[in-house]
Amino acid sequence: MASNTVNSRRRPADDESNDGTDESALETARRQLNRVADGLDIDPNIVERLRHPSHVHRVAVPLKRDDGSIEVFTGYRAQHDSVRGPYKGGIRYHPGVTEEECIGLSMWMTWKCAVMDIPFGGAKGGLVVDPKRLSETEHERLTRRFAQELRDTVGPKRDIPAPDMGTDSRTMAWFMDAYSMQEGETEPGVVTGKPPVIGGSYGREEAPGRSVALVTREACAHYDLGLDGTTIAIQGFGSVGANAARLLDEWGATIVSISDVNGAVYDPDGIDTVDVPSHDEKPEAVTQYADDRISNEELLTLDVDVLIPAAVGNVLTEANADDVQAELVVEGANGPTTSSADSVFSERGIPVIPDILANAGGVTVSYFEWLQDINRRQWSLERVHDELESEMLDAWCNVRREVEERNVSWRDGAYSVALSRIGEAHRIRGLWP
Ligand code: NAD
């Protein structure tokens with residue numbers, strides 16, 4: 001499950017602010033939209049439309065606590081744009097959830113689906129609640145009631161939630177069950193990220209890490225770094241980091257450093273990534289792997305070929321960007337590079353492959369899950385892997401073309417591909433003002 005820096009004012013996938021910490025997700029998303037739109041031939045009226053969400057739903061969700069008392073929680077579902085297909089995006093349970101954050105993150109989902117050419121729009125929602133304060137039965141009751149409150153808002157052809165911070169496959173199973181009960185028929189396609197036994201997709205959990213590995217492989221080839229012998233440091237050995245590390249290791253790269261929240265380990269000869277349990281499998285296993293421990297900050301400035309921040313947001317900042325020695329940065333986490341650091345990397349000629357492309361394997365396999373659900377047919381793991389690779393390579397080639405033809409950064413190239421597709425769909429359909 002995704003875990004970000006928990007801050008309602010943190011940026012989503014990109015950052016136009018000073019150092020990304022004093023600008024809301026919505027302000028950042030709008031600023032990024034304006035910046036990329038300036039360089040494209042796109043109707044300003046469409047850009048103005050994209051500055052606003054289509055709908056923002058706010059609901060009150062009562063919960064009967066285990067002690068018999070009633071507590072009422074606030075929930076949101078922001079739906080940004082559906083010109084290319086149903087809204088799609090996570091549902092998070094966190095005390096810092098705000099309406100503005102949901103809107104900003106829903107915009108980011110619109111771009112992410114468009115860069116991958118997935119026929120979905122962007123949404124994001126959440127409940128203002130600390131999930132650690134909920135017992136399992138409270139979590140279930142709250143989820144079922146939240147699903148009921150959103151019943152007219154979501155649906156397999158309308159808006160399809162997924163897990164996010166504080167929610168997981170079990171939450172999605174309860175959500176899907178509650179929705180199906182009210183509809184009177186089993187509707188697995190109302191959410192993605194479910195367990196495979198009720199319509200979830202094989203390979204969904206490892207998909208973001210797999211896409212990070214695939215994009216790293218392509219980026220290394222693009223910059224003439226053969227994977228064999230390429231040294232890589234990966235911050236965060238959770239779902240994204242561990243899956244990416246193990247694949248790159250298997251493909252011949254040398255993973256010299258990995259970390260978790262407790263610290264990092266460094267082995268210039270290469271770490272046996274299969275031997276180290278991921279954070280989910282065994283928290284704190286990373287720092288027990290070797291004696292040669294370093295800090296998470298030191299990992300970021302190691303003399304390696306590739307740096308993959310795959311833990312939390314805003315770790316590459318103005319303060320450390322000058323010290324980064326990697327030749328290439330691939331964003332595994334959402335928003336690990338602040339705009340100031342982006343500028344430093346650009347001046348220093350260090351390419352940064354953006355999160356919106358690199359970790360998009362998650363939403364791509366969510367799309368596969370939805371296809372499986374509406375067709376009532378489960379794909380094999382092998383098919384999921386093959387189709388994911390093909391989608392990632394297509395997206396990579398489209399962004400690379402933009403980068404080469406327009407001489408822009410990889411981040412701007414990815415946003416341009418996304419915005420061009422969305423703008424064209426709005427132009428053809430019309431705004432109906
Ligand atoms: P995870 O919880 O499985 O793993 C996170 C890892 O980062 C763990 O090893 C943890 O110990 C480490 N970590 C936590 N705080 C840290 C800190 N302050 N410094 C260094 N390490 C720290 O999370 P994940 O699902 O792998 O997500 C990682 C990032 O990738 C997040 O930014 C998330 O939003 C993004 N992401 C996840 C998915 C997904 O579906 N899992 C999809 C796209 C993007």
Side-chain angles (χ1 to χ4, degrees), residues 1-7 10-15 20 25 88-92 94 101 105 108-109 112-113 115-116 124 131 161-169 172 192-193 200-201 203-213 215 233-246 257-265 273 276-289 293-300 307-317 320 330-337 354-367 369 388 392:
M1 192 204 63
S3 90
N4 274 321
T5 304
V6 174
N7 176 351
R10 78 176 282 283
R11 63 199 186 81
D14 55 82
D15 186 358
K88 183 87 189 84
I91 282 192
R92 51 178 57 177
H94 190 272
E101 179 194 55
L105 296 175
W108 169 59
M109 282 305 297
K112 197 168 200 173
C113 292
V115 79
M116 291 306 301
K124 200 70 154 195
D164 203 282
M165 269 195 272
T167 56
D168 56 17
S169 60
M172 292 304 110
T192 59
S201 180
R204 168 64 185 85
E205 174 60 33
E206 70 244 45
R210 179 166 278 267
S211 69
V212 169
V215 165
I234 302 182
Q235 187 185 54
F237 205 65
S239 170
V240 177
N243 281 304
R246 288 171 185 165
S257 187
I258 56 173
S259 75
D260 66 12
V261 67
N262 305 302
V265 282
T273 54
V276 188
S278 76
H279 188 73
D280 248 12
E281 291 156 358
K282 189 178 165 206
E284 302 183 19
V286 168
T287 43
Q288 291 161 4
Y289 172 79
R293 288 210 209 167
I294 57 173
S295 68
N296 259 298
E297 290 69 36
E298 286 170 311
L299 176 148
L300 296 172
L307 174 64
I308 305 181
V312 291
N314 296 337
V315 293
L316 295 169
T317 66
N320 61 9
V330 180
E331 294 186 331
N334 285 325
T337 314
D355 46 12
I356 190 180
L357 171 67
N359 68 30
V363 75
T364 305
V365 175
S366 273
Y367 168 55
E369 178 171 334
L388 175 61
M392 292 310 305

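Note that ligands are numbered from 1 as they come in the structure, with each ligand's atoms numbered from 1 the same way. Just so we're clear, the structure is a prediction, and the values are computed from it rather than from any experiment.
Close N/O approach between Phe237 and ligand 1 is found [any backbone or side-chain N/O within under 3.5 Å]. The N/O atoms of Lys112, backbone and side chain alike, include none that comes under 3.5 Å of an N/O atom in ligand 1. By the 3.5 Å distance cut-off applied to N or O atoms, Ser239 is counted among the residues near ligand 1.
When Val363, Val240, Asp260, Asp164 are ranked by how near their heavy atoms come to atom 37 (C) of ligand 1, first place goes to Val240. Remark: among candidates Ala244, Ala311, Pro336, the nearest residue to atom 7 (O) of ligand 1 is Ala311, based on non-hydrogen atoms.
Side-chain contact check for Ser257 versus Ile294: some heavy-atom pair is nearer than 4.5 Å. Two residues are said to be in side-chain contact when any heavy atoms from C-beta on lie closer than 4.5 Å; Tyr289 and Ile258 fail this criterion. With a 4.5 Å cut-off on side-chain heavy atoms, Arg246 and Thr273 count as touching. With a 4.5 Å cut-off on side-chain heavy atoms, Val363 and Met109 count as touching. Contact check for Arg210 versus Val365: no side-chain heavy atoms found under the 4.5 Å cut-off.
Every atom of ligand 1 is numbered from 1 in the order shown, and the set under 4.0 Å from a heavy atom of Gly332 is 30 (O).
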key: Check against side-chain hydrogen bond (donor to acceptor under 3.5 Å, both in side chains), Arg204 and Ser366   = CA-CA 7 Å; Arg204 168 64 185 85; Ser366 273; 3.1 Å; yes
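Residue contact check for ligand 1: Gly362 places no non-hydrogen atom closer than 4.0 Å to it. Heavy-atom distances between Gly313 and ligand 1 stay at or above 4.0 Å for every pair.
With a 4.0 Å heavy-atom cut-off, ligand 1 is reached by the side chain of Pro208 but not by its N, CA, C or O. Only the backbone of Ala310 comes within 4.0 Å of ligand 1, judged by heavy-atom distances.
There is a side-chain donor-acceptor pair under 3.5 Å between Asn296 and Gln235.
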